[in-house]
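In what follows, residues are counted from 1 in the order of the sequence shown. Atom set for the values below is all heavy atoms of this structure, side chains included, hydrogens, waters and symmetry mates excluded.
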Amino acid sequence: MGANRHMSVDSRGRYTPEAAGEALPGSEGPAGSRSHNLLSPRRASLMQEPVLVLNATYEPINVTAVRRAMVLMLKGVAQAEEMHNTEVHSAAHAHKVPSVIRLLAYRHIPQQSRALSRKNILLRDRNTCQFCVRVFPSSELTLDHVVPRSRGGRSTWENLVACCYRCNNSKGDRTPEEAGLKLARRPRPFTLHTSRQLMRLIGHRDERWRKYLFY
Ligand SMILES: [Zn+2]
């Protein structure tokens, strides 16, 4: 259990949103209508809207999707701190949709693993291939190990960058120097500042997140 997502790879060793279990899409604007039934197409995207997750101490620790947040609430693991003015209806009940939830029991989450995900690396790099410096939609980007794993390169913030498929193919199993490629900039390590910055980028439309993220 736990609200944090860990980086993962598919069977061919590539990073994919599915393998990473990521539920966050590029995300749509706030729901236009105030109510969504089970069959509504809007409901599906609403359930993917980002929810800020706070530790028991109110420290922001993660971003998850509405669907996952509601499961944590139903299990009694978390409670809502802020709600949207929107409801989803199941057979018997109307459920308010959370915007910010808080875990009821304190959970120790290591600084690195808490935020290392494909989604967050793409956010840090602003969806820009770090070799050709062009901006792509998330679906057209992969993660590149700057020092290849075959050379002992690790899956860390300092060794992973957003990379388009074309550059990824031409780089292959080589270092940037060997492939004649240059990094747009040295990948930054994860800090508390990075963490807050990423959550702000994800939640920029949601005013309810502000007081927890200090902006
Ligand atoms: Zn590229």
A.B. asks: To check you understand the geometry: which heavy-atom pair defines the closest contact between Val66 and Pro98, and what is its length?
C.D. replies: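 Shortest heavy-atom separation between Val66 and Pro98 comes out as CG2-O, 4.1 Å.
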A.B. asks: Leu122, Leu160: one ILVMFWY side-chain cluster at the under-4.5 Å cut-off?
C.D. replies: yes
A.B. asks: Checking Ser155 against His145 for the side chain to side chain contact (heavy atoms under 4.5 Å, CB included) test, could you report, in this order, the C-alpha distance in whole Å, the side-chain angles of both residues, the deciding distance, and whether it holds?
C.D. replies: CA-CA 7 Å; Ser155 297; His145 283 80; 2.9 Å; yes
A.B. asks: Report yes or no: do Tyr212 and Glu59 form a side-chain donor-acceptor pair below 3.5 Å?
C.D. replies: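 Side chains of Tyr212 and Glu59: no pair found under 3.5 Å.
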A.B. asks: Less than 4.5 Å apart, side chain to side chain, heavy atoms only: is that true for Lys171 and Pro176?
C.D. replies: yes
A.B. asks: Measure the spacing between CE of Met73 and CD of Gln79 and express it to the nearest 0.5 Å.
C.D. replies: 8.5 Å
A.B. asks: Please identify each residue that fulfils side-chain hydrogen bond (donor to acceptor under 3.5 Å, both in side chains) with Arg151, with sequence neighbours left out.
C.D. replies: Glu178
A.B. asks: With Asn55, which residues qualify under side-chain hydrogen bond (donor to acceptor under 3.5 Å, both in side chains), at least two apart?
C.D. replies: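 Expected list: none.
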A.B. asks: What pairs with Arg124 under side-chain hydrogen bond (donor to acceptor under 3.5 Å, both in side chains), at least two apart in sequence or on another chain?
C.D. replies: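 Testing Arg124 for side-chain hydrogen bond (donor to acceptor under 3.5 Å, both in side chains), a comparison that skips the adjacent residues, returns none.
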A.B. asks: Do the non-hydrogen side-chain atoms of Lys182 and Phe131 ever get within less than 4.5 Å of each other?
C.D. replies: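 The answer is no, as the side chains (C-beta and beyond) never meet within the 4.5 Å cut-off.
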A.B. asks: Would you compute the distance between atom CD of Glu81 and atom CD1 of Ile101 and round it to the nearest 0.5 angstrom?
C.D. replies: 9.5 Å
A.B. asks: Would the distance check show the side chain of Asn159 and the main-chain N or O of Val147 forming a donor-acceptor pair, the cut-off being under 3.5 Å?
C.D. replies: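 Confirmed, Asn159 side chain pairs with Val147 backbone.
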A.B. asks: Just wondering, do Leu104 and Val77 contact through their side chains at under 4.5 Å, heavy atoms?
C.D. replies: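 Answer no - side chains too far apart.
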A.B. asks: Just do the salt bridge (charged side-chain N to carboxylate O under 4.0 Å, His left out) check on Glu87 and Lys96 with the steps written out, would you?
C.D. replies: CA-CA 4 Å; Glu87 291 182 342; Lys96 280 229 162 184; 5.4 Å; no
A.B. asks: Could you tell me whether the side chain of Asp125 and the main chain of Ala162 form a donor-acceptor pair under 3.5 Å?
C.D. replies: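 Side chain of Asp125 to backbone of Ala162: a pair is present.
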A.B. asks: When rounded to the nearest 0.5 angstrom, what distance separates CG in Asn168 from CG in Leu143?
C.D. replies: 9.0 Å
A.B. asks: What is the minimum heavy-atom distance between Ala105 and Ala56, and which atoms define it?
C.D. replies: C-CB, 3.8 Å
A.B. asks: I'd like to check His89 versus His95 (side-chain heavy atoms, cut-off strictly below 4.5 Å). Are they in contact?
C.D. replies: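 SC-SC contact between His89 and His95 ruled out.
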A.B. asks: Keeping to residues at least two apart or across chains, list the side chain to side chain donor-acceptor pair (under 3.5 Å) pairs with something in residues 127-136.
C.D. replies: Asn127-Ser138
A.B. asks: Could you pull out all residues at least two apart from Arg208 that satisfy salt bridge (Lys or Arg N to Asp or Glu O under 4.0 Å)?
C.D. replies: Asp206
A.B. asks: First locate atom CG of Leu141, then atom SG of Cys129, and finally report the distance between them rounded to the nearest 0.5 Å.
C.D. replies: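 Rounded to the nearest 0.5 Å, the CG-SG separation comes to 7.0 Å.
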A.B. asks: Please tell me if the side chains of Val51 and Val63 come closer than 4.5 Å, counting only heavy atoms from C-beta onward.
C.D. replies: no
A.B. asks: So Arg196 and Pro60, do their side chains get closer than 4.5 Å, heavy atoms only?
C.D. replies: yes
A.B. asks: Compare all side-chain heavy atoms of Leu103 with those of Leu54 and state whether any distance is below 4.5 angstrom.
C.D. replies: no
A.B. asks: Of all the heavy-atom pairs spanning Val161 and Leu183, show the shortest one and how long it is.
C.D. replies: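 Heavy-atom minimum between the residues: CG1-CD2, 4.0 Å.
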A.B. asks: Is the shortest side-chain N to carboxylate O distance from Glu82 to Lys211 below 4.0 Å?
C.D. replies: yes
A.B. asks: Does Met199 share a hydrophobic cluster with Tyr58, counting links as ILVMFWY side-chain heavy atoms below 4.5 Å and allowing steps through other members?
C.D. replies: yes
A.B. asks: For Thr57, check side-chain hydrogen bond (donor to acceptor under 3.5 Å, both in side chains) against everything at least two apart and list the hits.
C.D. replies: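 So Thr57 forms no side-chain hydrogen bond (donor to acceptor under 3.5 Å, both in side chains) with any residue.
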A.B. asks: In terms of hydrophobic clusters joined by side-chain contacts under 4.5 Å, are Met47 and Leu72 together?
C.D. replies: yes
A.B. asks: Please test Cys167 against Asp144 for side chain to side chain contact (heavy atoms under 4.5 Å, CB included), starting from the C-alpha separation and ending with a verdict.
C.D. replies: CA-CA 9 Å; Cys167 290; Asp144 180 67; over 6 Å; no
A.B. asks: Main chain of Ser99, side chain of Trp209: is a donor-acceptor contact present, judged purely on distance under 3.5 Å?
C.D. replies: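 Yes; judged by distance alone, with no hydrogens or angles, the pair exists.
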A.B. asks: Give, for atom SG of Cys163 and atom CD1 of Ile121, the distance between the pair rounded to the nearest 0.5 Å.
C.D. replies: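 Atom-to-atom, Cys163:SG and Ile121:CD1 are 12.5 Å apart.
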A.B. asks: In Å, rounded to the nearest 0.5 Å, how long is the span from CG of Leu52 to CZ of Arg102?
C.D. replies: 12.5 Å
A.B. asks: Within the structure provided, determine whether Arg174 and Pro148 are in side-chain contact (heavy-atom separation under 4.5 Å).
C.D. replies: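 No, too far: nothing below the 4.5 Å cut-off.
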